[in-house]
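Below, chain A is the first sequence line, B the second, and so on; all start at residue 1.
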Amino acid sequence: MTIRILGSLIVPAMAMIFAGYMVFEQYSGGYRASTRQYAVWLGACIAIFAVLSLITDLRKILREDRAGHQRAGADLPAAAPERRRMAFKIGGLVALTVVFILVLPRAGYVLSFFGYMAAIMLILRYRPIWKLVVICVALTAFVHFFFVVAFSLPLPRGSILPALLR
Amino acid sequence: MDLALEGLMILLKVAWAVPLGIFVGMAIGAMPGLNSSGMLAVLLPVLILLPPEIGLIFTISLYAGGEVGNSFPSIILNIPGNASSAVTAAEGSPMMLRGEGGRALGLAIMASTIGAFGAGIVTIIATPMLSTFALRFSSVEICIIILFGLTAIAQISSGGMAKGLLAGFVGLLMATIGTDPMWGTFRGTFGSIYLYDGMPIVPVLIGLLAFSEVLRMIGRETSGIMLKEGVRFHFADLFNGAKEALRMPFVLFRSGVTGLIVGIIPGAGTSVATFLAYQQALAAAPPDRRALFNNGSPEGLVAADCANNASVSGTLVPLLTLGIPGSAAAAVMLVIMAYHNLELGPRLFTRNGDIAYAVLWSQLFAGALIFVMGSVLAMFAYRLALIPVKILIPIITMFMVIGAFGANGYVFDIRLMLLFGVVGYLMKLFDYPVVALLLGLILGSLFEGHLNRGLRMGFGSPEIFFTRPLAITLWVLLALMVLGPPLIRLIRRRMAT
């Protein structure tokens, strides 16, 4: 139950922190009163609805806990090993995307897309490896010919591949 | 009348541009993570080189096709391509899970066809009169129209009204990031130059709607669809869905009119039209049908898709008569018109009326084609549900990254997509409506701009919002829409006891 209570705090807390930052920034930045007023009104509404949402969630958790029910419509599996596996996959995709974003301007879209998609399929435990490589090459080629060549999308070319090809 | 006939002759000479535009729009819209409006910006250098009638007809046909195409991944994968197709996802995806995907696609395609065709007829007949109607809407009235859209958020939120309003107001506050429309100062940019123009909508949309859904898919190791064993696409299901849509004439008429009128109002957008029509369908539904809303309601699906495509024709009215673009596609068309030295504004119908009417006729033609082309493409789009998740996820992720990058050409936008993907995932996990956040963001900048202009019209006093006759009418309609259904339920309950 503690985890569920803490979980229900996440979104309202994020909303309040964001609203607090925006209001503080506009007060400390010396903005005009009319601009500040709009932000303050919105911030106040966010605070009220955040508290109301939290109360609604807490009441629901307490009610379900007393009745001994599982949370309806839960996306979280009940068993801990499954939750860990799920967290690994989700965290893995997020981490891969961060790496992809960092690598893209330097390595270029060809190497980055190939590596990104291959890594995602490896996390998802796609086998056999040769099929994985073929699919990733095909998808990268699709990106190149459809988006870069046909639609002239200016994806970063990076410096590694041009240096290798010289 | 002569101009209308000349316009028809021009269309007949370049009629190929309509099915080609619809096909390209549908194909792009059907790719999860891609957005046809975003692709228009990429295609602009090609479009302006074409003769003006071809460029304009192709653009609006692509836009119309894209609105239909967006329905496919919305229904099949629960990955909407834009805010207006989020309603399609909310209603169509549960139907897909029940094994009624063909029916949902048939409902959506037929509703889009009726919306496009019906609005096309009205715009051809009444465009000059409709432009006069559009001019009566000042910033004051547009503010109230936007409130219509925002109140719809609260009403359809499954997690409760407080959560819907929280998400909506956070979206409104996010819309203040960027340049102050009144004083030109930077607000909440976190020191990043990429936010000086405000929060870019496309990467945020892709993150909130698509990337968050991919995170859910990857966590559940399912395609999110959980297709029933042996369920395959049958044309019979699609046609039955289409026939079912035709048996809802009141829903179609009301949504079509709403979509057309909101589309005519400059700056209101297809999102407002869709949510407004959806809200009306919810309010008008009998109690036993209301429970299905947000859980696979045919009426909700039909209302949203009909209004969606009707608003496409509606956006042509302010563009062609006043030179005011009401959508991304209309903005691209304005650039094409300016490039070819077409008369922008009220004189277009005097100097280049034949081209203007050709564009209007093209929507009628598009409406006739949408059903046929949509049905064929739906058959291929349905196969998305059959692709193994381990291959589908990288493909969708690739499209999402390209869609986020393609909007402005910044790697920063991919970072935003990732951030809002995580935010969207957390919101979905704890039953907060991501569409509310998105709608608040899209409408927020419009709302603040029009609010400021309205206050200036009233010399700083908010009284003007309550004294203009059209504004009063809109307030009354808004109150009826919000308070009407609960009051009717209360009266019915009292009468029953």
Are any side-chain N or O atoms of B/Glu213 and backbone N or O atoms of B/Ile79, one a donor and one an acceptor, separated by less than 3.5 Å?
no

Can you tell which part of B/Tyr410 gets under 4.5 Å to a heavy atom of chain A, answering side chain, backbone, both or neither?
neither

If you round to the nearest 0.5 Å, how far is CE of B/Met400 from CD1 of B/Ile206?
8.0 Å

Looking at A/Val23, A/Leu54, A/Ile120, which one has more heavy-atom pairs under 4.5 Å with chain B than the rest?
A/Ile120

Applying a criterion of heavy atom separation less than 4.5 Å, what residues of residues 128-142 of chain A form contacts with chain B?
A/Ile135, A/Leu139, A/Phe142

Which residues satisfy the side chain to side chain donor-acceptor pair (under 3.5 Å) test with B/Asn408, sequence neighbours excluded?
B/Asp413

Going by side chain to side chain donor-acceptor pair (under 3.5 Å), name the residues that satisfy it together with A/Ser8, two or more places apart in sequence or in a different chain.
none

Would you find a donor on one side and an acceptor on the other, under 3.5 Å apart, between the side chain of B/Ser192 and the backbone of B/Thr189?
no

With a 4.5 angstrom heavy-atom cut-off, which part of B/Leu451 approaches chain A: side chain, backbone, both or neither?
side chain

For B/Leu172, give me all partners under side-chain contact (heavy atoms from CB on, under 4.5 Å), at least two apart in sequence or on another chain.
A/Leu42, B/Leu150, B/Phe169

Find the one option among A/Leu52, A/Ile101, A/Ile55 whose heavy-atom pairs under 4.5 Å with chain B are most numerous.
A/Ile101

Applying a strict 4.5 Å limit to non-hydrogen atoms, the region of A/Phe113 in contact with chain B is side chain

Over all atoms of both residues, closest heavy-atom pair of B/Gly188 and A/Met22:
CA-SD, 3.8 Å

Is it the side chain or the backbone of A/Phe100 that comes within 4.5 Å of chain B heavy atoms, both, or neither?
side chain

For A/Pro105 and A/Pro156, work out which heavy atoms get closest and say how close.
CA-CB, 4.1 Å

Under a 4.5 Å heavy-atom cutoff, which of A/Val94, A/Ile123, A/Leu104 has the most pairs with chain B?
A/Val94

Please classify the contact of B/Val170 with chain A as side chain, backbone, both or neither, using a heavy-atom distance under 4.5 Å.
both

Could you give me the CA-CA distance, side-chain angles and deciding distance for B/Tyr196 and B/Phe186, then say whether ring pair (Phe, Tyr, Trp, His ring centres under 6.0 Å) is met?
CA-CA 7 Å; B/Tyr196 282 3; B/Phe186 298 127; 3.9 Å; yes

B/Arg98 side chain to B/Gly296 main-chain N or O, any donor-acceptor pair under 3.5 Å?
yes

So what's closer than 4.5 Å to chain B heavy atoms on A/Phe88: side chain, backbone, both or neither?
neither

Non-hydrogen atoms of chain A under 4.5 Å away: do they reach the side chain of B/Phe412, the backbone, both or neither?
neither

Quick check against the 3.5 Å criterion: does B/Lys163 have a side-chain atom that pairs as donor or acceptor with the backbone of A/Asp57?
no

